[in-house]
Each structure stands twice: as structure tokens, then as C-alpha cells.
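A short worksheet on the structure shown next.
Remember, it's 1-based here, ligands and their atoms both numbered in the order they're listed.
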Amino acid sequence: MFKINENYMKLPGSYLFSTIGKKVKEFTEANPDSKIIRLGIGDVTLPLAPAVITALHKGVDDMANKETFKGYAPDLGYDFLRQLIAEHDFKSRGVTIATDEIFISDGAKSDSSNIQEIFDVSNKIAVCDPVYPVYVDSNVMAGRTGEYLVDTGKWTNVIYMPCTKENDFAPELPTEVPDLIYLCFPNNPTGSTITKDALQKWVDYANKVGAVIIYDAAYEAYISEDNVPHTIYECEGAKTCAIEIRSFSKNAGFTGTRLGFTVIPKELKCGDVLLNSLWARRHGTKFNGAPYITQLAGAAVYTEEGKKQTREQIAYYMNNAKVIREGLIAAGYSVSGGVNAPYIWLETPKGMTSWEFFDHLLNKANVVGTPGSGFGPSGEGYFRLTAFGTYENTLEAIERIKRL
Ligand SMILES: *Cc1c(COP(=O)(O)O)cnc(C)c1O
């Protein structure tokens, strides 16, 4: 008689976005003439760059010819793409990453969720609070956490590292020693970053206590300040303690196309065992995770044209971020993020809870955002707005918020 994985039953489900959907639906039904503006979008909205589209067409044509047809992709992904990544994402930053340390995948969500499988179930994880929910959820399903406590909004057996205004939204080294440390910079949802010196402290700490850092750099392309590292391997000693996860989703619009990669340096070992060789055994859809056509499209992102076109997209979003950030500051809000990330994180005014502010913004300004408490207990009292809307709507939304 089969048994289910009981750990799946522990997950409370996606309460955040279903509640937002329900509230917006109710409001629209009651106010059919109001024009709702969504500044809660966590997905890109501009179409794929022309260079990427051209590559996708070529990929389709290649699949139509006997001479150029492709079956299963190589285990780690196509060499042409891994070479471009090694060159443009790492060598250009003074970091040497070998092509066989790069594993192409169908995206950072899958990788950041699956990477925990190469670690023992007894490992203790540490996560930033608030943060992208995938890290905790995947460890819940794997049985690495205890129970969810409704009153605290926390899982037992997880080390939470609060990121609040008090520490400028950058976590402090934990007092309890973790085995796996999830870091995400620039951060979703707070839009905060970490300086190279501050990240170096984490690398030194992980090497000292024998922990592995899983570094999610999905928003690397949004970094605008010089002292913010683009890759954790800019830090001395990171190759012996860090795995880095990247995505083509937010820098090049691949959220619906699916492409990402994970870097596992060969120096990263547990005894004699290379984590690189463990990840090479990953299974299922994780194996050959991205089609040839998609990998060809990814390569186009690194062409001169592709770079220019994707940079323009990021500039468009970041101009929206500037409108939101500066508008909120002018309206007297306490704001962070929006400089190295498409996310603006604001403190809710007048002691409102995250959900009270959500209702206030929806009812009074007809603007939809995301309550900070949905990303972790330390997100209570904060609110996330995103730069993925249109410029015109963003301007209008901010004008409405200013008039509140
Ligand atoms: C959007 C996002 C990703 C990207 O995931 P994909 O699966 O590559 O689309 C990864 N990490 C964070 C923190 C994100 O917000």
C-alpha cells in the first residue's frame, strides 16, 4: 500500500496571491468603473528582445533539418552557451569559472528548489526573513523543517535571519550555526543588496563553520552600484563554500521561455566528494532541463545586439522603479530598494499592518501591491511595489498614492 510524502501536507498553500486575487475581484465587482493599476507584478512584462526572437526562429529551423536537428541536449547544457556564460558573467568580472562548473537548467526556481536534494535531510537551513518562498517550501517538502507555527509565521528547525530597517535589510551572521545558508541579492522582495565587503564576511563565516551558501543572483542584471558584487565568486574563498544560481528570467524576459543555470565549483567538497559531481547526477526534468531552442535563445542574450536590447528593457523597468521610489519619498514614505532591483519596499504608514495597507491602497488609490508579511514574519509592516508595470500606469499610480 502506497504512502504519500506527508511533508507535502505541511505546506499551507499559496495564501498570499490567492487572497490578493480574491480581494481584487471583490473590489472590481463592487466598483466596475474603477481603473485598477497593478504594481504587484512579480513577472516581466516586456516582450522578448528581437535578437532573442531571431535566435528562437533559427532554433526552430535547425530542428526542421536532418543536418542540424538536435535530440537530447548534453548533460550540462550546450557548450556554446556555457562558454558564453563563463566569459561574460564571470571572466569579465575577474572570476574564472570552468564550463564544466556551469549547469544549464529550465530556471532558477527549479534549481533553487532542487539543489537541497544533494544535502542530507539532517542539514539545518538558514534563510533571510522576508524572502522568496521557494527556499523554505522546497525544504519543507524534503522533510528538513519541523512544523509551521501559525502564531509566529515560522517553521520550526529553520534559522530565520531578520532583514529589517534596523539592519538595512541585510542579514546578520546567525547565532545558531546553519549547514545551508540561502542568500538572495539583489533581494526579492526587499530590493536590498549587499556590499562586497559584507558578502565577504558571509563567505569567511561559511568557510569557518563548514556551511554551504546557496546564492540566488537572479537580479544581478539590475545592479547599478559599484560596491555591489555581481557574483559571489568575486569574494575570496567563495569557491570552497558557495553555489550560485542564475536566471535568464528577469534580465532577458525568459519567465515564460525558461532558462537558468547553477554554478558549482569543483573546489566545493564534502570530504572527498565533489558537490559538482553530485549535481551532475540530478534526475528527471532537472536533467537536460532546457531545450536546444531555448539555449540558442539564451546565447543571443550575449551578442552585442542582445546585450543592448536587454539592457534597454532593464533601463525601462528601472526608470519605473525610480518613479516609484522618488514619488514615495516625496510623499513622505520610508522606502528602500529600487536602486539595484526592480522592487521597492516601503514601510506601511501610521502603524498599519501589511494587509491594512493593501486594503487602503486598493480602496483609496485602486493600486494593487503585495503585503510584505506574505514573504515572512519580518515583512509585517512593509509592502512591496514592483517596476514591471508600464511607465504610464506607474506614473499614474504614484500620482494617486501621493494624493492619499
Ligand atoms: C523570479 C525569481 C527567480 C527566477 O526564477 P526562474 O525560475 O528562473 O524564472 C529566482 N529567484 C528569485 C528570488 C526570483 O524572484
Side-chain angles (χ1 to χ4, degrees), residues 14 16-17 39-46 48 52 77 81 85 89 102-116 125 127-139 161 163 169-171 181-194 213-223 228 230-232 242-263 282 284-286 289-291 294-295 297-298 301 310 313-314 317-318 321 337-338 340-345 369-370 372 374-376 379 384-388:
S14 65
L16 177 63
F17 291 100
L39 291 189
I41 309 167
D43 191 355
V44 294
T45 49
L46 294 173
L48 290 170
V52 172
L81 181 57
I85 290 168
D89 288 314
I102 298 167
F103 299 77
I104 307 296
S105 73
D106 67 336
K109 185 170 184 177
S110 321
D111 281 351
S112 61
S113 167
N114 296 328
I115 194 72
Q116 46 78 26
I125 67 162
V127 291
C128 294
D129 169 28
V131 84
Y132 185 57
V134 171
Y135 317 138
V136 172
D137 287 359
S138 56
N139 279 286
M161 306 183 290
C163 298
F169 306 97
I181 302 165
Y182 288 86
L183 293 179
C184 172
F185 292 109
N187 187 269
N188 178 10
T190 67
S192 68
T193 46
I194 194 164
I213 296 173
I214 297 164
Y215 193 72
D216 185 340
Y219 295 95
E220 173 275 331
Y222 291 84
I223 294 170
V228 179
H230 286 254
T231 158
I232 194 168
I243 292 172
E244 183 163 298
I245 296 174
R246 294 276 195 110
S247 169
F248 286 73
S249 281
K250 310 300 177 8
N251 65 332
F254 278 55
T255 53
T257 309
R258 312 306 304 140
L259 190 65
F261 62 92
T262 285
V263 178
R282 70 209 186 286
T285 55
K286 302 156 203 177
T294 316
Q295 295 192 42
V301 174
T310 51
Q313 297 186 338
I314 289 167
Y317 295 135
M318 288 312 280
N340 299 290
Y343 298 123
I344 294 88
W345 190 242
T370 315
F375 298 99
R384 190 188 77 172
L385 295 176
T386 77
F388 292 125

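The distance criterion of under 3.5 Å between nitrogen or oxygen atoms is not met by Thr255 with respect to ligand 1. Of the polar atoms of Tyr135, none of the N or O atoms is found under 3.5 Å from an N or O of ligand 1, judged by distance alone. Between Ser110 and ligand 1, a contact under 3.5 Å exists for no N or O pair.
Listed by atom number, the atoms of ligand 1 under 4.0 Å from Ser247 heavy atoms are 4 (C), 6 (P), 8 (O). The Cys184 neighbourhood of ligand 1 comprises atoms 13 (C), with distances under 4.0 Å to a heavy atom of that residue. Less than 4.0 angstrom separates some heavy atom of Gly107 from each of these atoms of ligand 1: 7 (O), 8 (O). Within the listing of ligand 1, atoms 3 (C), 10 (C), 11 (N) sit less than 4.0 angstrom from a heavy atom of Ala218.
Considering only heavy atoms from C-beta on, Asn187 comes within 4.5 Å of Ser192 through its side chain. Side chains of Ser105 and Ser110 form no contact here, defined as non-hydrogen atoms less than 4.5 Å apart. Using a 4.5 Å heavy-atom cutoff, the side chains of Lys250 and Tyr317 are not in contact. Looking at heavy atoms from C-beta onward, Asn340 lies out of side-chain contact with Tyr222 at the 4.5 angstrom threshold.
For the pair Gly260 and ligand 1, no heavy-atom separation below 4.0 Å is found. Judged by the shortest distance from any of its heavy atoms, Asp216 lies inside the 4.0 Å radius around the atoms of ligand 1. Tyr219 counts as a contact of ligand 1, since one of its heavy atoms falls under 4.0 Å from the ligand.
Of all the heavy atoms of Phe248, none lies under 4.0 Å from any atom of ligand 1, so neither backbone nor side chain is involved. Proximity of Ala108 to ligand 1, defined as any heavy-atom pair under 4.0 Å, is shared by backbone and side chain alike.
Among residues two or more places apart in sequence or in another chain, the side chain to side chain contact (heavy atoms under 4.5 Å, CB included) test is passed with Thr257 by Leu48, Phe254, Thr294.
Arg384 and Asn188 are linked by a side-chain donor-acceptor pair at a separation below 3.5 angstrom, with hydrogens and angles left out of the test. Side-chain atoms of Asp216 and Ser112 form no donor-acceptor pair, as typed in the model, at a separation below 3.5 Å.
Taking CG of Asp43 as the start and OG of Ser249 as the end, the distance is 8.0 Å to the nearest 0.5 Å.
Classified by interplanar angle (parallel below 30°, tilted 30° to 60°, perpendicular above 60°), the ring pair Tyr135/Tyr132 is perpendicular.
Of all protein heavy atoms, the one lying nearest to atom 7 (O) of ligand 1 is Arg258 NH2, 2.5 Å. Lys250 NZ, 3.4 Å is the protein heavy atom nearest to atom 3 (C) of ligand 1. In this structure, atom 9 (O) of ligand 1 lies nearest to the protein heavy atom Ser249 OG, 2.5 Å. Distance from atom 5 (O) of ligand 1 to its nearest protein heavy atom, with residue and atom name: Lys109 N, 3.4 Å.
Asp89 and Phe261 get closest at one heavy-atom pair: OD2-CZ, 3.7 Å.
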